[in-house]
Structure formats: C-alpha cells, structure tokens
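Have a look at the structure below, then the notes.
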Amino acid sequence: METQEIAAAARHFAAMARIVGPDPKAVKMRRHAFHLHQSGSTTLSASALLLPRGALAEPPPLLDHVCAAHGHAGDVALTAASLVEPFLVAEQRGDPGEEFKPRLVPEARIDVLVEHEELGNIQDGKSRPPQWLSARLLAMVDVPTAADSVLSLLKHDDSFIGRPLWDVGWSLADVNQKQVESDIRSSLKSSRNNASIESMGALMLAKSATRIAILGISTINSNNARPINVSEMQHRGDSLLVVGSPFGLLSPFHFFNSISVGAVANCLPPCAGRSSLLMADIHCLPGMEGAPVFDKNSCLVGLLMNPLRQKDSNIEVQLVIPWDAICTGWNNKKLEEIGGGPSELPDKNADSKTMELRMYVSSTVNKINQYCISPSSIREAISAVVLVTVGESSWASGIILNKRGLVLTNAHLLEPWRFGRTSPSGVQTSFAGEYLNARENKSLQPQQCKFSNEDAVKHEVSLFNLGFKREKRISVRLDHAERQMWCNASVVFISKGPLDVALLQMEKVPVELNTIRPEFVCPTAGSSVYVVGHGLFGPRSGLCSSLSSGVVSKVVQIPSAQLSHLSGTEAHNMDMPVMLQTTAAVHPGASGGILVNRHGLMVGIITSNAKHGAGSTIPHLNFSIPCKSLETIFKYSGPN
C-alpha cells in the first residue's frame, strides 16, 4: 500500500487524549515537554489508540473485563499512562496494586479528541473539525514482558566506563531531576538499602515506560464499525507509520493526527521468537506517546510509548509495544485481580478467547522467524555485521569480508589517539590533510606499521573508546540465526594513512558465515541507504545490530586533476569519492558498521558523527568511507 492509503486507514483509529486538573504548585507537568498551566490548573495531552467495539476480531479479554467491572458499555481508547499518572490520588502514585481501580484527584477530567467522520454524522460530504468526547479512566495496566525488555537495557547502563544514564521521557521536557529522584525514593519503603533503591528506580522507570491507560468513551459509531487488522510479527527494517498529535493541546486542531514514517530498528528480547518491545527508527515529537503504529499493510503494530532518553544528550530511543505483547501480557492472572475474578464478570467466553489468542500467536511464531528481515534485500547484509570488543571498555561494529573470517572495522577502535584522542603518554596529537592519500592504495602493511601525522585525517570518534593496548583481547560476536557466537580475533592491518580502517582475523571461523557484497559505484546524493551497526547499550545488553534509514545527503570527491597530482598517475578523468554524508541515524558504537543501498550492497563503512560544540553527537549527520576508496582492501580479502 502507498503511504497515503496507510495513513487514511490509520486515522480512523487515532485520537488525542487530554487531562485537566488542579495544580496550584505547578508540578504536574515537570516530565511533559508541552503543557498548559493557568489559574492553578494544568492541562496535559498525549496521543491515543481508538478501539470502537467490534473493530478487533479478537480483542484482549482484559478489555471486556475492565469495561464490565466498571459498567462501561461504550468504546475504549488506549494511551500512555504517563498522561494521567500526575493526577492520581497521592496514595495510588507508584502503587501497581491499584491499576484496575485508579482514582483521579477531585476536579480532574479527561477528554478524547476524535475525527468528526468517526461520529457517523457527516452531512453533504463536507469535512468537519474534530470533536471532544468526555472520557473516564478505567484502568492503568502494566505490560510485564515489555517492562522486562526495557529493564534489560537500563540495567546494562553502567556496564562500561563513562556511560551516561538513561531516563524515560522526551529530551525537550523540563525535568527537575532532583525532584524525580525524590519521588522515586519516597515511593519505596524506608527500610530498603541504597542498592535496592537503585534497583527499584530502574524497575519503576521500566514500568513507567510501558504502562498503558485504558480510557472509556461513549460509543462513536455503532452503525459502521471499521475493522482493524493486527500485524503478525515485526522484524528489523519493516516499515512503520505512526499517527499522533505532536505538541498536543498547544494547537490540537493544527497537529492532530499527524503522520510520521520510519522502520523497525531492533527487536527485544534478542534472539527470541516473539518480540515484546520494538526500537523504532522514526522521528517523533512530544505528545505522540500513546499513538497507534501501523505496518505497510495498514495493520496495527502496537503503541508508541515515551522514549528512552540519554541524559545530558539529545539522543532518544523510540519504543513501540507490539500488540501481541499487550495481549499476551494481559493474561488470566490479571483478570482475577478485577473485582473478584473472571467468574463474576458477564463475559463467559473469556477462556475460549484467550485460548484462541494463544493458538493464533503460537501458529504465527512457528511460521515466521525472528531473523526474516524485511526488506529481504538487506537480509544478508545485516547478517554480515558483527560486534567487535577490545578489552572491557571499547566496542564498535565490524563487517565480514570473506569466508575465512576477515573483518573490516575502524582503526580508531584500536588506536584512538591517532584520530583526535589523547595518546597513551597523554600527548594530544596534531593532524593535517583532509582527503585520501593515493599512497593508501599500495600494498597493505602489517600491523606494526608506523603512521605519520601528515598522512592522517581528523575523525570524531566514540566517547567510549578509551585507548588500545596490544595486550587487550579482541573479540568478535556473530549474530547468526537464533544464537550469538563469540570468537577471538587478532589484528592483521591498521591503516597508516587517512583511511580510518583496520582488518581483524577471526581465530576460529564458524561454518555458517555470511559475507558482505560491495558496490563500487558510488551512490548519488538523494539515494536511499540503510545503516546497520551496534551502539548505545553496549555488548552486555545482548542486543543485535540496529538498523536505521536515510539518504545520502552529500558525496565529497577529489577532483580528477588533484587526484592525478597526488598519485602521479593518470586519473582517467574521473573524480574520486572519499566521503559520504548521510541522514540515517548513527550512534556511538556503530562505527565500523555498514552503509548499504536498497539492494543490500555495501556502499560504505561508517566512521564518525558530527558533534555539537558541547561534545554531544548529531545522530543524523554522519560520515562514511565509500567502497570505491576501499577497493584495495576488497581485493586483498579475495573471493569468498
């Protein structure tokens, strides 16, 4: 389906929710980027998934039970619980035991904004503005498997030296960190020690990132309930479309149900048959949390939640809870917690519905493999990307060149002081030159080769690469099929010139080894590309490589006349591409990853990001060495 068709179908199930309540001290909005505070009252907003009765062929049994327990006979909307949590009564904040009986502070009210045509009263075929409907808070429900996946990321946050901490929420939000930490600690029993407090803090963050609020609204259109199909399974590279309302209440009618498109960047847990959390490569803004996410066939994928935000930087990781994880997480154990258990509720078919859902999910998992990457053309390219670690403090990505286990990576992983980092003696090296030296195309040198500053070019490097010592062990991890394999590796070659490249040799080569296919024709500006590499959460998280998409925004070339002068040979009247600038998101740790085209061919190796003056990286402004400049290396690797 075309993007326009997907968006048109998706808008029928998208809404915006807002809550208004008393806030004399103006503290309710501290974790929200956009809010409205006036006359002692605060208004917050978020996006929502609209679920009219009859829209889902197999609704989660929990929804029916929640509605029955509250005597609600209308439709429901799902949104991020962070919208309503500030307005819960004091005794319920941070208390998961009251998720099915939430109580708001007096005078707090909730409304949901829906498309006018969903009300079923369009006249003369004319479009009318959206309309607010009164809503009530029915439940706030955790998704345990999704929370576990978030926790698995947070608990590895301090695994490596110098790693910044993570939080939940948008980077634009004005967060009073001291107050937030105080709130976390005040919700814990005073008898717990500091270690327990830190552990519970991560657990509470994980739950807050995945908790969903169920809102009850009046029946929208009982005469024409549109069906909503559910996506079966998601994989890295799958297309995503989000319908949300950024900026929310600041201008609800201007930005209501805006469209954003992207792709699945990663799936958690790694090497699992069924995903409980998706990391999305998609541009979203505050107010879009709670928005429904759809696939390329306009099938419901899940719910967009608040992102993970790296403190002291502008890096955000967009999170999506798959609908399958929501359904399986709301199991019969949860049903028993609602007003006396399922036996007292009117839905007698709950058990059969649950069994049907389990059978459906089971058959889906058996038919689809986690590593069936879409688009299929880049499947082999993704499997050729490996994780490279040096000692216990450095990691990056690498690319398998041949069946013998030769791996291409960045030189700055092994010798960071040569590329703008402090040398082992504490001396800051100086650099000169900006382009490829033609002498780099001569025979590859052994690893003991010396370098000269005149032949080097400055590259921005990962903050996590602290320096390379020969005695440090080098390891390579393969993410193959449903398992991960570690192999020791040794250094074969480190570039002595401006090319930020090095070669490693795996000591034991597995039989099942996938290699990369290079494309020596340089892509042109505007070409679509994918970036595949490791980063952000480090090796101990167990994450496979992540994928992001973008375009080539600039191709830097050496004019043929200058190239002829440098090499002393005739340049065949062709300019030499030496650098590719792309818009695909690249984070520290993705250095040494691949840049591939839509046909799955490698067009470059990732080397660096641009940085702000304060030192923070700019993910969507990064640089790669084109394969055309690496022809000698590919010739050296030989045929597969």
Side-chain angles (χ1 to χ4, degrees), residues 9-21 44-81 83-84 87-88 99-104 107-122 128-141 211-230 243 245 252 256-257 290-292 300 303 323 326-327 330 334-335 337-340 342 344-350 353:
R11 288 173 68 93
H12 297 305
F13 304 100
M16 185 176 82
R18 73 178 178 189
I19 185 169
V20 184
L44 305 175
S45 68
S47 302
L49 166 63
L50 189 63
L51 291 177
R53 279 193 174 274
L56 284 169
E58 294 182 354
L62 181 71
L63 285 181
D64 291 334
H65 285 270
V66 166
C67 291
H70 289 273
H72 177 71
D75 299 331
V76 298
L78 306 184
T79 187
L83 172 68
V84 297
F87 291 97
L88 292 174
E99 58 185 346
F100 296 110
K101 300 177 182 178
R103 289 185 292 121
L104 299 176
E107 300 182 17
R109 71 178 190 275
I110 304 175
D111 302 294
V112 173
L113 185 67
V114 300
E115 296 275 5
H116 199 282
E117 63 183 69
E118 296 307 306
L119 301 175
N121 56 359
I122 294 181
R128 287 175 172 77
Q131 181 173 330
W132 290 102
L133 300 177
S134 178
R136 56 186 294 206
L137 178 60
L138 302 180
M140 295 192 349
V141 188
R211 186 172 293 128
I212 296 174
I214 302 176
L215 308 179
I217 59 176
S218 58
T219 301
I220 297 176
N221 186 359
S222 59
N223 297 325
N224 186 25
R226 292 182 174 86
I228 181 171
N229 297 317
V230 178
V243 187
S245 302
F256 175 58
N257 282 356
L300 178 65
L303 216 61
W323 185 251
I326 295 174
C327 292
W330 294 350
K334 291 293 184 182
L335 300 182
E337 300 175 15
I338 311 174
E344 299 180 10
L345 300 174
D347 190 349
K348 299 180 180 179
N349 297 321
K353 288 183 179 180

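- Of the inter-residue distances, the one linking Ile110 atom CD1 with Leu133 atom CG reads 13.0 Å to the nearest 0.5 angstrom.
- Note that CD1 of Ile214 is 6.0 Å distant from CG of Leu78, once rounded to the nearest 0.5 Å.
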CA sep, side-chain torsions, deciding dist, call: Trp132, Met16, side-chain contact (heavy atoms from CB on, under 4.5 Å): CA-CA 9 Å; Trp132 290 102; Met16 185 176 82; 3.4 Å; yes
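- Here Ala14 pairs with Val243, Asn257, Pro292 under the side-chain contact (heavy atoms from CB on, under 4.5 Å) rule; sequence neighbours left out.
- In this structure, CG in Leu300 is found 7.5 Å from CG in Leu51, a value given to the nearest 0.5 Å.
- Considering all non-hydrogen atoms of both residues, Asp75 and Ser218 come closest at OD2-O, 3.8 Å.
- What you find for Leu113 and Pro130 is that their closest heavy atoms are CD1-CB, 3.6 Å.
- In plain terms, the two heavy atoms of His70 and Phe100 that are nearest each other are NE2-O, 3.3 Å.
- With rounding to the nearest 0.5 Å, the separation of CG in Leu215 from CE in Met140 is 10.5 Å.
- Listed for the Arg53 side chain is a donor-acceptor partner under 3.5 Å among the backbone atoms of Gly74.
- A 4.5 Å side-chain heavy-atom check between Phe87 and Leu44 finds at least one atom pair inside the cut-off.
- Here the closest non-hydrogen pair linking Pro52 and Leu50 is CD-O, 3.5 Å.
- Residues Ile212 and Thr79 fail the side-chain proximity criterion, which asks for heavy atoms closer than 4.5 Å.
- With Ser47 contributing its side chain and Ser245 its backbone, the two residues share a donor-acceptor pair below 3.5 Å.
- With Leu137 as the fixed residue, the side chain to side chain contact (heavy atoms under 4.5 Å, CB included) test singles out one of Leu83, Val84, Ile19: Val84.
- In this structure, Trp323 and Leu49 have side chains that are in contact, with non-hydrogen atoms separated by less than 4.5 Å.
- Closest non-hydrogen pair, Thr219 versus Ala73, comes out as OG1-O, 3.9 Å.
- Minimum interatomic distance between His72 and Ile217 (heavy atoms only, all atoms of both residues): CE1-O, 3.0 Å.
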